[in-house]
Amino acid sequence: TLRAYNVLFGDSLLVSWDEADGLHHAWVDFGNFHNDANAVFEKVYNDVKLRTNGKLDLLVITHRHMDHMEGFFSLRKKFKADFTIQRLWHAHVTSTVDHVFEIAEQSLRAMLPASIPASDSDIGRVFRNNFGAAGDKIRKQMADILKEAGVPASRVFKIHRETNLIPALPPGLNQLKIEVLGPEKNSRLYLQPLEHALRAHGIALSSDNGRIKARRKDPFDGVRGTKFSQSPLAKLADAARLRRQLQNGGLSVLAAVDTTRNNTSIVMRLMHGSARLLLVGDAEEKSWEILKKNGAPLTADVIKV
């Protein structure tokens, strides 16, 4: 059985299946778009708790977007008391790619009007889904989930296509089979759109002793300072800067960050008897290209898109 919960904008899926000793469960993603009412989290949480009796074979965070993980973060301390989780999976992302995300965030904060990250505009919502309003909230949320949700480190796995699933699979799985088809271990395969978008703004990435460096300061670095930023002149400057960014495609950096995070999604096929369920997170075209190149078995009775 596959249940898809309405969390407004985002994902929350509960997969339930029979084993010889009864029902087993996997909870895949739990979040919504920033500024959506988090009141929905309690209702979903309570329903999953009731249906599973607080026992989860698998909890999966397919990728690092707030509309896929913020519910786990918001209620992380309750998980420790209410659930027994046999395995927690989250998408593998290399430290190199994380560092490029840092560069992209710094560049975006310089390019866009200062008011955008906290605003309820479409741009602001996408920005916060990738970073949060202040600092890289995504990384902190993930760290806090792993630290406070009560899952021992020995049961937590960063998942990619080449992961050894023998220790990663929950115990007692005989009827259910799981194939992991993505993401790739080399996360840089998904970086090309973001590298191109940064280069268009004069930011070239180079490797230095295993670290990625931005060779040039972003040319659109804006005026800051408390008194000035509160003046009517600053608002006009912000508006002019936003218009310039829209005109010259500056928002391509934000779109490329969004796409890159999506492409690092865990892609997995669950098989039970003759039934096939394909769960792909938010994988976009680059991920699908790699799946096809790898000859991944993509036939399914149900696919989540």
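Computation of the quantities below employed the complete heavy-atom set of this structure, encompassing side-chain atoms and omitting hydrogens, waters and symmetry-equivalent molecules. Numbers for residues simply follow the sequence, beginning at 1. All figures in this text were calculated on a predicted structure; none of them were measured in a lab.
Closest approach of Leu298 to Leu291, counting heavy atoms only: CD2-CD1, 4.4 Å. Here the shortest heavy-atom pairing between Asn130 and Ile138 reads O-CG1, 3.1 Å. Looking at every heavy atom in both residues, Val253 comes nearest to Leu194 through O-CD1, 3.9 Å. When all heavy atoms are compared, the tightest approach of Pro183 to Thr264 is CG-O, 3.3 Å. Closest of all the heavy-atom pairs between Ser107 and Ile203 is OG-CD1, 3.1 Å.
Cluster annotation: Leu2 and Ile303 are assigned to distinct hydrophobic clusters (Ile/Leu/Val/Met/Phe/Trp/Tyr, side-chain heavy-atom contacts under 4.5 Å, transitive). Transitive grouping of hydrophobic side chains (ILVMFWY, heavy atoms separated by less than 4.5 Å) brings Val93 and Val257 into a common cluster. Neither Val60 nor Met69 shares a network with the other; the hydrophobic side chains, linked directly or stepwise wherever heavy atoms of I, L, V, M, F, W or Y lie under 4.5 Å apart, form separate groups for each. Residues Ile61 and Val40 share a hydrophobic cluster, clusters being chains of Ile/Leu/Val/Met/Phe/Trp/Tyr side chains in contact below 4.5 Å.
For Lys185, the NZ atom counts as loosely surrounded, since its 6.0 Å shell holds 12 or fewer non-hydrogen atoms of other residues, nucleotides or ligands. Surrounding CD of Glu162 are more than 12 heavy atoms belonging to other residues, nucleotides or ligands, all under 6.0 Å away.
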What verdict does the side-chain contact (heavy atoms from CB on, under 4.5 Å) test give for Asp11 and Phe30, after you've listed the backbone C-alpha separation in whole Å, the side-chain angles of each residue and the deciding distance to 0.1 Å? CA-CA 6 Å; Asp11 278 15; Phe30 185 27; over 6 Å; no
Start with the C-alpha gap between Tyr45 and Phe79, add the side-chain angles, then the distance that decides, and say whether ring pair (Phe, Tyr, Trp, His ring centres under 6.0 Å) holds. CA-CA 9 Å; Tyr45 182 94; Phe79 272 88; 5.2 Å; yes
After noting the C-alpha distance and the side-chain angles of Asp57 and Trp17, does the key distance pass the side-chain contact (heavy atoms from CB on, under 4.5 Å) rule? CA-CA 11 Å; Asp57 292 80; Trp17 69 93; 4.1 Å; yes
From CA spacing to verdict: side-chain contact (heavy atoms from CB on, under 4.5 Å), Val97, Arg188: CA-CA 6 Å; Val97 172; Arg188 290 207 66 179; 4.2 Å; yes
Please test Tyr190 against Ile290 for side-chain contact (heavy atoms from CB on, under 4.5 Å), starting from the C-alpha separation and ending with a verdict. CA-CA 10 Å; Tyr190 307 114; Ile290 294 172; 3.6 Å; yes
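The residues Arg139 and Asp144 are annotated as not salt-bridged, no charged nitrogen and carboxylate oxygen being separated by less than 4.0 angstrom. Lys43 has no carboxylate O lying under 4.0 Å from a charged side-chain N of Asp47, or vice versa, which leaves the two without a salt bridge. The residues Arg109 and Glu105 are annotated as salt-bridged, a charged nitrogen and a carboxylate oxygen being separated by less than 4.0 angstrom. A salt bridge links Lys49 with Asp82: the closest approach of a Lys/Arg side-chain nitrogen to an acidic carboxylate oxygen falls below 4.0 angstrom. Salt bridge annotation for Glu42-Lys78: present, with a cationic side-chain nitrogen under 4.0 angstrom from a carboxylate oxygen.
Checked by atom type, the side-chain pair Ser16/His25 shows a donor-acceptor distance below 3.5 Å. Thr94 and Thr96 share no donor-acceptor pair across their side chains, judged by distance under 3.5 Å alone. Inspection of the Asp67 and Asn32 side chains reveals no N or O donor paired with an N or O acceptor under 3.5 Å. Looking at Asp258 and His65, their side chains do bring a donor and an acceptor atom within 3.5 Å of each other. Defined by atom type and a distance below 3.5 Å, a donor-acceptor pair is missing between the side-chain atoms of Ser265 and Asp282. A donor-acceptor pair shorter than 3.5 Å cannot be found between the side chains of Thr52 and Trp27. In the model, Glu284 has a side-chain atom that pairs as donor or acceptor with a side-chain atom of Asn262 under 3.5 Å. Using modelled atom types, one finds a donor on one side chain and an acceptor on the other under 3.5 Å when comparing Glu184 with Asn294. Side-chain contact annotation: Arg269 with Thr299, donor-acceptor N/O pair under 3.5 Å present.
Counting only heavy atoms from C-beta outward, the side chains of Met268 and Val280 never approach each other to under 4.5 Å. Side-chain contact between Leu176 and Met271 is absent, with no heavy atoms from C-beta onward closer than 4.5 Å. The side-chain heavy atoms of Val267 and Val180, taken from C-beta on, include no pair separated by under 4.5 Å. Residues Lys55 and Leu23 are not in side-chain contact: their nearest non-hydrogen atoms beyond the backbone lie 4.5 Å or more apart. Side-chain contact between Phe72 and Leu59 is present, with at least one heavy-atom pair separated by less than 4.5 Å. Taking 4.5 Å as the limit, every side-chain heavy atom of Leu13 sits out of range of all side-chain heavy atoms of Tyr5. Annotation: side chain of Ile178 is in contact with side chain of Leu169 (closest heavy-atom distance under 4.5 Å). Contact of the His24 side chain with the Asp18 side chain is not registered, since no non-hydrogen atoms from C-beta on lie closer than 4.5 Å.
Of the inter-residue distances, the one linking Leu181 atom CG with Leu279 atom CG reads 10.5 Å to the nearest 0.5 angstrom. Going from atom CD of Glu289 over to atom CG of Asn263 covers 9.0 Å, rounded to the nearest 0.5 Å. Asp29 CG to Thr62 OG1: the interatomic distance, rounded to the nearest 0.5 Å, is 3.5 Å.
Panel note: side chain Ser119, backbone Ile116; a donor-acceptor pair is recorded below 3.5 Å. Here the side chain of Arg161 pairs no donor or acceptor atom with the backbone of Ile266 at under 3.5 angstrom. Using modelled atom types, no side-chain atom of Lys77 and backbone atom of Ser74 make a donor-acceptor pair closer than 3.5 Å. Gln86 places no side-chain N or O within donor-acceptor distance of the main-chain N or O of Leu56, the cut-off being under 3.5 Å. Arg199 contributes no side-chain N or O that, together with a main-chain N or O of His196, makes up a donor-acceptor pair within less than 3.5 Å. Between the Lys80 side chain and the Glu148 main chain, no donor and acceptor come within less than 3.5 Å of each other. Remark: the backbone N or O of Arg276 is paired with a side-chain donor or acceptor of Asp301 at under 3.5 angstrom.
A cation-pi arrangement, defined by a distance under 6.0 Å to the six-membered ring centre and an angle within 45 degrees of its axis, is absent between Arg87 and Phe157. Annotation: cation-pi geometry satisfied between Arg261 and Phe131 (NZ/CZ under 6.0 angstrom from ring centroid, within 45° of ring axis).
Aromatic ring pairs are classed by plane angle as parallel below 30°, tilted from 30° to 60° and perpendicular above 60°; the pair His92 and His160 is perpendicular.
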